[in-house]
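Atoms within each ligand, like the ligands themselves, are counted from 1 in listed order. The chain is numbered in sequence order, starting from 1. What you see is a predicted model, and the numbers here were worked out from it, not measured in a lab. The analysis underlying the following values was restricted to heavy atoms, covering all of them including side chains, and did not include hydrogens, waters or symmetry mates.
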Amino acid sequence: AFDETGKIWFNGEFVNWKDANIHVLSHVVHYGSSVFEGIRCYNTKKGSAILRLREHVERLFNSGKIYRMEIPYTVDEICDAIIETVKVNNLKDCYIRPIAFRGYRELGVYPLNCPMDTVIAAWEWGKYLGDDAIENGVDIGVSTWRRMAPNTLPNMAKAGANYMNSQLAKMESVSNGFDEAIMLDYHGTVSEGSGENIFLVKDGELYTPHASLSLLSGITRDSIAKLAQDMGIKVNEEAIPREMLYLADEIFMTGTAAEVTPVRSVDGIKIGNGKRGEITEKLQTKFFNIVGGVEEDEHGWLTFIE
Ligand SMILES: Cc1[nH+]cc(COP(=O)(O)O)c(CN[C@@H](CCC(=O)O)C(=O)O)c1O
């Protein structure tokens with residue numbers, strides 16, 4: 001639950017949390033016309049730092065471009081506003097949610113007469129899949145809901161409407177007793193989770209579905225792939241059959257909220273020894289050491305908040 005005492009950046013002004021409201025007849029409420037980001041700020045040993053800020057903001061604008069949304073700010077202005085939002089709320093470790101959406105003027109599917117509203121909120125958000133998930137892993141199930149097919153809803157856009165698909169998969173998996181869903185794509189090969197990308201480990205190599213085909217081109221996915229390459233671990237991007245999930249030595253999921261979460265079972269079938277795998281732990285430790293300021297940020301991913 002939110003502590004509701006913070007300030008929210010709303011179309012260029014900071015407003016009180018409880019005053020950050022929109023009209024119920026805003027286009028976005030009825031038609032899902034929003035694009036958004038999930039970004040984390042970490043309280044590193046050297047102060048608070050936002051992870052891959054520019055990549056996230058550029059993806060926000062790319063998502064908007066797909067939907068012909070003209071967000072009335074530059075990438076730099078949104079980056080600066082995000083930094084200000086963390087500072088004005090005196091947050092150290094937090095999750096940041098920029099969102100741009102079609103606002104209030106008229107209803108009807110055609111969106112281009114509605115104004116664009118832009119909001120940035122930030123709050124403390126713990127471990128996405130539960131406190132012990134990072135160490136002990138989660139149980140996931142393959143959903144009967146597939147990720148959106150090509151040319152239906154754009155998987156490359158981090159758009160609100162895509163999460164109606166994610167919600168269906170998540171609700172189904174939780175009702176089946178799992179912690180998270182893994183979705184297949186239109187062709188029946190492995191795609192992504194309701195809010196994460198997925199990696200398999202087999203014979204010392206990583207396997208992950210092609211970016212931007214049927215899944216969000218994850219920034220954490222990119223970070224982990226780079227860390228694996230730094231460690232001399234080969235990363236294979238390829239179509240992964242569902243049954244490969246069962247045969248993997250290790251599986252983990254990646255996302256800004258999920259960070260690096262091991263998977264211990266799929267559809268009730270134990271993965272490897274049913275615990276966090278060795279390569280998963282190595283990558284997870286490296287990731288957390290970088291975002292914790294314990295190890296050198298060699299890729300320049302951290303933007304420190306003075
Ligand atoms: C469908 C999906 N796929 C992959 C990812 C991983 O992307 P990245 O964060 O760039 O590594 C996310 C992030 N999910 C965000 C929203 C979660 C939510 O519940 O809302 C997040 O992790 O912030 C997804 O929502």
Distances under 3.5 Å, N/O of ligand 1 against N/O of the protein: list each pair and its distance.
residue  : atom   : partner : partner atom : Å
ligand 1 : 3 (N)  : Glu192  : OE1          : 2.6
ligand 1 : 9 (O)  : Thr256  : N            : 2.9
ligand 1 : 9 (O)  : Thr256  : OG1          : 2.7
ligand 1 : 10 (O) : Arg59   : NH1          : 2.8
ligand 1 : 10 (O) : Arg59   : NH2          : 2.9
ligand 1 : 10 (O) : Ile219  : N            : 2.8
ligand 1 : 11 (O) : Ile219  : N            : 3.3
ligand 1 : 11 (O) : Thr220  : N            : 2.9
ligand 1 : 11 (O) : Thr220  : OG1          : 2.6
ligand 1 : 14 (N) : Lys158  : NZ           : 3.2
ligand 1 : 14 (N) : Gly195  : O            : 3.2
ligand 1 : 19 (O) : Tyr128  : OH           : 2.7
ligand 1 : 20 (O) : Arg97   : NH2          : 2.9
ligand 1 : 22 (O) : Thr256  : N            : 3.3
ligand 1 : 22 (O) : Ala257  : N            : 2.8
ligand 1 : 23 (O) : Tyr95   : OH           : 2.5
ligand 1 : 25 (O) : Lys158  : NZ           : 3.2
ligand 1 : 25 (O) : Tyr163  : OH           : 2.6

Asp230/Lys226 salt bridge by N-O under 4.0 Å criterion: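 No.
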
Do Lys7 and Glu84 sit within salt-bridge range, that is, some charged N less than 4.0 Å from a carboxylate O?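 No, this pair does not count.
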
Which atom pairs, donor and acceptor, lie under 3.5 Å between side-chain atoms of residues 276-296 and protein residues at least two apart or in another chain?
residue : atom : partner : partner atom : Å
Arg276  : NH1  : Gln284  : OE1          : 2.6
Arg276  : NH2  : Glu281  : OE2          : 3.4
Thr280  : OG1  : Glu250  : OE1          : 2.6
Gln284  : NE2  : Ile134  : O            : 2.7
Gln284  : NE2  : Val260  : O            : 2.9
Thr285  : OG1  : Glu281  : O            : 2.7
Lys286  : NZ   : Glu295  : OE1          : 2.6
Asn289  : ND2  : Glu295  : OE2          : 2.8

Residue that, paired with Arg147, satisfies side-chain hydrogen bond (donor to acceptor under 3.5 Å, both in side chains) out of Thr152, Asp185, Asn165: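 That would be Asn165.
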
Tell me every residue that passes ring pair (Phe, Tyr, Trp, His ring centres under 6.0 Å) with Phe199, counting only those two or more places apart in sequence or in another chain.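 Once residues adjacent in sequence are excluded, the partners of Phe199 under the ring pair (Phe, Tyr, Trp, His ring centres under 6.0 Å) criterion are Phe252.
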
Tell me the side chain to side chain donor-acceptor pair (under 3.5 Å) pairs involving residues 57-66, sequence neighbours left out?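 Side chain to side chain donor-acceptor pair (under 3.5 Å) check on residues 57-66 returns Glu37-Arg59.
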
